[in-house]
Enquirer: 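Below are the structure tokens for one structure; questions will follow.
The first residue of the sequence shown is numbered 1, and numbering continues consecutively from there.
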Amino acid sequence: MARQSGPLKYKGTLGDIRHFKIKGLQGHFAGLVGGPTGEQVKTAPEFERTRENMNEFGGCAAAGKSVRVGLAQLMKQMSDPQLTGRLTAIMKKINLEDLTEARGYRAILISTQQQYLKGLNFDKNVSFDSIFFSPFTLTNTPARDSATLTVPAFNPVNFVNAPAGATHFRLISAISVISDFEFNSTSGIYEPIDPSLNEVSNVAYSNYIDLGAPVALPTTITSTLPGSPVLTADVSVLNCIGIEFYQQVGVNYYLFNSGNALKVQDIF
């Protein structure tokens with residue numbers, strides 16, 4: 001793949017070379033036109049391995065999408081343009097850990113491989129740990145349907161790396177259920193093992209906190225799944241912590257589009 005560095009910018013195909021943009025990257029790119037036909041990929045014996053990879057890739061993409069859907073209300077201000085691809089890559093690592101099914105049909109058993117998602121920052125350019133430094137604790141109920149973030153009294157001046165112009169911030173505690181995925185031979189696609197629980201979530205916020213004033217009392221934020229669901233062994237709960245920045249104008253608080261951070265702190 002070539003990358004154009006000159007002043008000429010165009011899209012489409014010129015001879016055997018096609019020109020295109022890549023979401024999230026600067027500049028224009030070029031590559032050769034060609035390759036097998038769609039029918040060849042679907043039926044030819046030499047593309048059997050390709051079909052296996054495509055099948056599992058589709059399942060990994062579906063599992064990654066469930067993470068984003070469960071936390072949809074935070075994605076616009078918390079994620080980078082490559083998050084979809086990064087989540088799919090993580091799910092593929094989990095997929096490769098399944099040694100019981102044949103290639104092309106391996107399950108995505110998040111419940112047994114939770115370490116791959118733990119620590120994920122939804123924006124690779126903004127780490128939560130580089131923004132918020134105060135000590136905190138996370139606890140969850142035995143039923144896994146609720147989690148609490150507790151931050152002892154602290155001074156934001158010393159423990160928050162805020163973007164220029166911000167006057168306030170809110171801390172976030174979010175939980176979201178992600179089911180294991182397996183191939184359904186009837187539908188021909190990967191599906192969540194427990195669809196009724198998959199993507200069930202709750203996002204809880206602290207009050208608006210002044211960046212210039214010490215927080216005298218502990219901050220406690222509890223997120224609870226709606227409907228008191230009974231969680232099965234086939235699902236995991238992502239416990240995410242985050243921070244959002246605001247500028248106060250009069251009585252209104254305006255959310256910043258950048259500088260916010262969200263991280264998968266724990267999975268249970």
Side-chain angles (χ1 to χ4, degrees), residues 57-95 107-124 126-128 138-149 170-184 187 189-206 221-244 255 260-268:
F57 180 85
C60 294
K65 181 180 179 181
S66 283
V67 174
R68 293 184 288 111
V69 171
L71 298 165
Q73 73 184 79
L74 298 172
M75 288 299 94
K76 182 178 180 180
Q77 68 270 29
M78 294 292 190
S79 63
D80 63 76
Q82 284 80 47
L83 176 63
T84 296
R86 292 194 292 122
L87 280 171
T88 301
I90 290 173
M91 294 304 175
K92 184 57 185 174
K93 291 180 181 179
I94 296 173
N95 173 237
I108 305 166
L109 302 177
I110 301 165
S111 61
T112 65
Q113 305 295 334
Q114 297 177 347
Q115 72 275 10
Y116 286 108
L117 278 167
K118 189 174 181 178
L120 170 70
N121 281 287
F122 286 81
D123 187 336
K124 66 179 181 180
V126 187
S127 165
F128 179 85
L138 280 177
T139 57
N140 61 272
T141 58
R144 299 189 295 157
D145 61 348
S146 183
T148 298
L149 167 65
R170 289 199 296 178
L171 294 172
I172 296 170
S173 174
I175 54 176
S176 184
V177 180
I178 177 72
S179 172
D180 293 342
F181 278 67
E182 65 180 2
F183 184 77
N184 186 325
S187 64
I189 60 173
Y190 276 81
E191 297 177 350
I193 295 177
D194 201 327
S196 65
L197 293 173
N198 192 49
E199 301 171 6
V200 175
S201 63
N202 180 253
V203 179
Y205 299 83
S206 70
I221 313 165
T222 299
S223 49
T224 303
L225 295 176
S228 300
V230 177
L231 303 186
T232 66
D234 296 318
V235 303
S236 302
V237 180
L238 305 180
N239 191 179
C240 303
I241 56 175
I243 186 169
E244 289 183 343
L255 176 65
N260 308 304
L262 183 71
K263 174 188 179 183
V264 179
Q265 183 67 26
D266 197 10
I267 306 180
F268 48 81

Enquirer: Can you list the residues that meet the side-chain hydrogen bond (donor to acceptor under 3.5 Å, both in side chains) rule with Asn95, with sequence neighbours excluded?
Expert: Lys92
Enquirer: Would you say Asn121's side chain and Lys124's backbone share a donor-acceptor pair under 3.5 angstrom?
Expert: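 Checked: no pair found.
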Enquirer: As a quick check of understanding, evaluate side chain to side chain contact (heavy atoms under 4.5 Å, CB included) for Leu117 and Met91, giving each step before the final call.
Expert: CA-CA 9 Å; Leu117 278 167; Met91 294 304 175; 4.0 Å; yes
Enquirer: Got a sec: does the CZ of Phe57 have more than 12 other heavy atoms crowding it under 6.0 Å?
Expert: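 Counting other residues, nucleotides and ligands, CZ of Phe57 stays at 12 neighbours or fewer.
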Enquirer: Nearest 0.5 Å, what's the OG-CG distance between Ser79 and Leu74?
Expert: 9.5 Å
Enquirer: Does some side-chain heavy atom of Lys65 sit less than 4.5 Å from a side-chain heavy atom of Leu87?
Expert: no
Enquirer: Kindly compute the distance separating OG1 (Thr112) from CG (Asp234), expressed to the nearest 0.5 Å.
Expert: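 One gets 10.5 Å once the value is rounded to the nearest 0.5 Å.
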Enquirer: To the nearest 0.5 Å, tell me how far Ile178 CD1 sits from Leu197 CG.
Expert: 11.5 Å
Enquirer: Hey, could you give me the CG/OG distance between Leu231 and Ser111, rounded to the nearest 0.5 Å?
Expert: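 Here the rounded value is 12.0 Å.
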Enquirer: CG/Leu171 to CZ/Phe128 distance, rounded to the nearest 0.5 angstrom?
Expert: 6.5 Å
Enquirer: Is it true that a side-chain atom of Asn198 and a backbone atom of Ser179 form a donor plus acceptor pair closer than 3.5 Å?
Expert: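 Yes; at least one donor-acceptor contact below 3.5 Å.
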Enquirer: Side chain to side chain contact (heavy atoms under 4.5 Å, CB included) for Gln114 and Asp266? Distances and angles first, verdict last.
Expert: CA-CA 9 Å; Gln114 297 177 347; Asp266 197 10; over 6 Å; no
Enquirer: For the residue pair Asn260 and Gln77, confirm or rule out a side-chain donor-acceptor distance under 3.5 Å.
Expert: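 On atom types as modelled, these side chains do not qualify, holding no pair under 3.5 Å.
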Enquirer: Scan the side chains in residues 141-148 for donor-acceptor partners under 3.5 Å anywhere in the protein, sequence neighbours excluded, and list what turns up.
Expert:
from   : atom 1 : to     : atom 2 : distance (Å)
Thr141 : OG1    : Arg144 : N      : 3.4
Thr141 : OG1    : Asp145 : N      : 3.4
Thr141 : OG1    : Asp145 : OD1    : 2.8
Thr141 : OG1    : Ser146 : N      : 3.4
Arg144 : NH1    : Val235 : O      : 3.0
Arg144 : NH1    : Phe268 : O      : 3.4
Arg144 : NH2    : Thr232 : O      : 2.8
Ser146 : OG     : Ser223 : O      : 3.3
Ser146 : OG     : Thr224 : OG1    : 3.1
Thr148 : OG1    : Thr222 : OG1    : 2.9

Enquirer: Would you compute the distance between atom CZ of Phe181 and atom CD1 of Ile110 and round it to the nearest 0.5 angstrom?
Expert: 6.5 Å
Enquirer: Test side chain to side chain contact (heavy atoms under 4.5 Å, CB included) on Ile172 and Met78; report intermediate values, then the result.
Expert: CA-CA 12 Å; Ile172 296 170; Met78 294 292 190; 3.7 Å; yes
